[in-house]
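A short worksheet on the structure shown next.
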Amino acid sequence: MEETSEGSSILPQELIFEIFLRLPVKSLLKFRCVSKSWLFLLSNPLFSKTHVDFCSKTPKFTDYRLAVVSSVSGLGRICHFYNMGFDNSCLNVAKHTCPAESLDLSARILGSCNGLICVTSNSFTLTVLNPCTGMFNVFPDSMLRNNGRGGGGGGCYIRYGFGYDVSVEDYKVVKIFSIPQIEGRYENMVNVYSLKAKSWKMIEGFNSGNLNGKVGVYVNGALHWEVRHSHYSGGFWEIVTLNLAAERYGTIALPSYEDEGVYWTLGVSRGYLVGCCNYEQNKGDVWVMKEYGVEKSWTKVVTISLPVDRWAYILPLFVAENCDEFLLQLGEELALYNSRDGSFTRLDGYTSGGGFRQVQAVTYFESLASPHIK
């Protein structure tokens, strides 16, 4: 792809555009230094948006990554980034460096979307970060304005979410103040931050059961939290959704499950909503919603049995396309699971004996998405 003396490319610009969409982001960052025309193309917001759309819709061309923030006894919080790939058709995860020197080591992960990660720190600020480019955007967190509301006397629980409003091409952070009421009910007051408007606003809240998910899962333009409803005769689980464009709430039913001490966790993999129904007898069923919003499309892809001496909630972080390999969080452990032989391969450093008190992990894909919206 050499250039003429006038600096115009021999290949048509449209063809170069299509080729660049299929190249690793690491290469695209280097190509910005080749010529002014390539710098202009690769710095164009239109290319960045098209690249994100391409990665979202063509997982086989997409480079997935894993970000982990862990709290370690005597060391505080540490942050690691990992490459995810396939070696001889087997899923593997390897640690790599990150250019994001700005990441606060007190950070907690609040979600990922389009290659961006949202984190919070102890300084009452939020950060939207692109781990691939190192670009970041820092803005103030939202404080509770309760005005005396909430009659349960049980404090206030904070839930977050991070996603993309495609209708106005804007990234948004959602913060929910969940206030206990009576009989297992919660009043949820909701604030939304717009990166484009650079401000918080309060939107209409909602009532629900206990929002179990501390961080909402972003899929198909909406955030998703798993919710447990408690009643005198028992309880049930469902998913509460918030459509970021319409700012409208909804629910999605979870698939049928056994009654033996269930506990649901939600994740996202390759653009699909994933749920795991955990049971008390050291096992969990992993389900994938093959067609978003169609409850009949929930498909059980595996039943995972943990070792008899190990019990932990299973959180699915990534499901391979053939649904026989999985990246899982098992309590404070991270592991690869192969359903063909039932084997677990724990990630280096993340074991129950390593002094970890808390581990947060999120998958994302490499992109040129900017955390600064104009």
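For this chain, numbers begin at 1 and follow the sequence in order.
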| field | Verify same cluster id: F40, W38 (apolar side-chain graph, 4.5 Å) | value | no
| field | Note, I176 side chain near F206 side chain (heavy atom, < 4.5 Å) | value | yes
| request: Step by step, work out the side-chain hydrogen bond (donor to acceptor under 3.5 Å, both in side chains) result for N114 and S367. | output: CA-CA 7 Å; N114 293 350; S367 80; over 6 Å; no
| said: Any non-hydrogen side-chain atom of L223 less than 4.5 Å from a side-chain atom of L244? | reply: yes
| query | Going only through I, L, V, M, F, W and Y residues with side-chain contacts under 4.5 Å, is there a path from L15 to F47? | reply | yes
| query | Closest approach of F54 and R22, non-hydrogen atoms and distance? | reply | CZ-CG, 3.6 Å
| query | Is a side-chain donor or acceptor of S27 paired with a backbone partner of L23 at a separation under 3.5 angstrom? | reply | no
| message | Looking at W225 and L242, would you say the former's side chain and the latter's main chain have a donor-acceptor pair under 3.5 Å? | response | no
| query | Are V173 and V215 connected in the hydrophobic side-chain network, where two residues link if heavy atoms are under 4.5 Å apart? | reply | no
| query | Tell me, do E204 and V190 make a side-chain contact under 4.5 Å, heavy atoms counted? | reply | no
| query | Any sub-3.5 Å donor-acceptor pair from W298's side-chain atoms to A253's backbone N or O? | reply | yes
| message | Can you confirm whether the side chains of N188 and S208 place a donor and an acceptor under 3.5 Å from each other? | response | yes
| task | First locate atom CG of N207, then atom CD of Q181, and finally report the distance between them rounded to the nearest 0.5 Å. | result | 7.0 Å
| If you measure from OG1 on T345 to CG on L336, what distance do you get to the nearest 0.5 Å? | 6.0 Å
| task | Step through the shown structure and confirm whether more than 12 heavy atoms of other residues, nucleotides or ligands are within 6.0 Å of NZ on K283. | result | yes
| said: Could you check whether any side-chain heavy atom of V302 comes within less than 4.5 Å of a side-chain heavy atom of Y337, counting everything from C-beta outward? | reply: yes
| Electrostatic pair R270:E321 at N-O distance under 4.0 angstrom | no
| request: Check for a donor-acceptor pair, side chain of H51 on one end and backbone N or O of L42 on the other, with a separation under 3.5 Å. | output: no
| message | Working to the nearest 0.5 angstrom, can you tell me the gap between T303 OG1 and D285 CG? | response | 3.5 Å
| message | Looking at A369, is its backbone amide N or carbonyl O close enough to the side chain of N130 to form a donor-acceptor pair, meaning the two atoms are under 3.5 Å apart? | response | yes
| Are F326 and F318 an aromatic pair by the rule of ring centers under 6.0 Å? | no
| message | ring-ring contact (aromatic ring centres under 6.0 Å, His included) for Y193 and F139? Distances and angles first, verdict last. | response | CA-CA 9 Å; Y193 184 86; F139 48 94; 4.2 Å; yes
| Does any N or O in the side chain of K175 come within less than 3.5 Å of the main-chain N or O of S142, such that one atom is a donor and the other an acceptor? | yes
| query | Does a side chain donor of either S343 or N338 reach within less than 3.5 Å of an acceptor in the other side chain? | reply | no
| task | Of all the heavy-atom pairs spanning P371 and L195, show the shortest one and how long it is. | result | O-CD2, 3.1 Å
| request: Could you check whether the rings of Y171 and Y164 sit parallel, tilted or perpendicular, using 30° and 60° as the cut-offs? | output: tilted
| said: Set out, in order, the CA-CA distance, both residues' side-chain angles and the distance that settles side-chain contact (heavy atoms from CB on, under 4.5 Å) for T120 and T125, then state yes or no. | reply: CA-CA 6 Å; T120 184; T125 60; over 6 Å; no
| Ignoring hydrogens and geometry, is there a side-chain-to-backbone donor-acceptor pair from H229 to F236 under 3.5 Å? | no
| field | Within residues 240-257 or reaching into it, pairs that qualify as side-chain hydrogen bond (donor to acceptor under 3.5 Å, both in side chains) - sequence neighbours excluded | value | K201-E247
| request: Would you check if F177 and N191 make a side-chain contact, meaning some heavy-atom pair closer than 4.5 Å? | output: yes
| note | Between L21 and the options I16, T50, L28, the side chain to side chain contact (heavy atoms under 4.5 Å, CB included) test singles out T50
| message | Set out, in order, the CA-CA distance, both residues' side-chain angles and the distance that settles side-chain contact (heavy atoms from CB on, under 4.5 Å) for L368 and L29, then state yes or no. | response | CA-CA 9 Å; L368 295 174; L29 294 175; 3.7 Å; yes
| For K26, does the NZ atom have more than 12 heavy-atom neighbours from other residues, nucleotides or ligands under 6.0 Å away? | no
| remark: Value for CZ (R340) from CG (D324), rounded to nearest 0.5 Å, stands at 4.0 Å
| request: In plain terms, say whether D53 and K49 are close enough for a salt bridge, that is, a side-chain N and a carboxylate O under 4.0 Å apart. | output: yes
| query | Are any non-hydrogen side-chain atoms of M289 and I252 less than 4.5 angstrom apart? | reply | yes
| request: Using the rule that two of Ile, Leu, Val, Met, Phe, Trp, Tyr join whenever any of their side-chain heavy atoms come within less than 4.5 Å, decide whether L66 and V359 are in one cluster. | output: yes
| message | Check for me, please, whether W287 and L273 land in the same ILVMFWY cluster - side-chain distances under 4.5 Å, paths through other members count. | response | yes
| request: Establish, yes or no, whether a centroid distance under 6.0 Å links the rings of H224 and Y292. | output: yes
| message | Less than 4.5 Å apart, side chain to side chain, heavy atoms only: is that true for I239 and L254? | response | yes
| message | As a quick check of understanding, evaluate side-chain contact (heavy atoms from CB on, under 4.5 Å) for L334 and V68, giving each step before the final call. | response | CA-CA 9 Å; L334 299 174; V68 182; 3.6 Å; yes
| request: Would you confirm whether N212, through its side chain, and R228, through its main-chain N or O, come within 3.5 Å as a donor-acceptor pair? | output: no
| field | Heavy-atom check, side chain of E325 versus side chain of S339, under 4.5 Å | value | no
| Under the 3.5 angstrom rule, does the side chain of N278 hit a backbone N or O of I314 as a donor-acceptor pair? | yes
| message | For Y218 together with F162, are the ring centres under 6.0 Å from each other? | response | no
| query | Say you draw a straight line from SG of C276 to CG of L328; how long is it, rounded to the nearest 0.5 Å? | reply | 7.5 Å
| said: What verdict does the side-chain contact (heavy atoms from CB on, under 4.5 Å) test give for F17 and I19, after you've listed the backbone C-alpha separation in whole Å, the side-chain angles of each residue and the deciding distance to 0.1 Å? | reply: CA-CA 6 Å; F17 195 99; I19 293 173; over 6 Å; no
| field | R159 side-chain N/O to L211 backbone N/O, donor-acceptor pair under 3.5 Å | value | yes
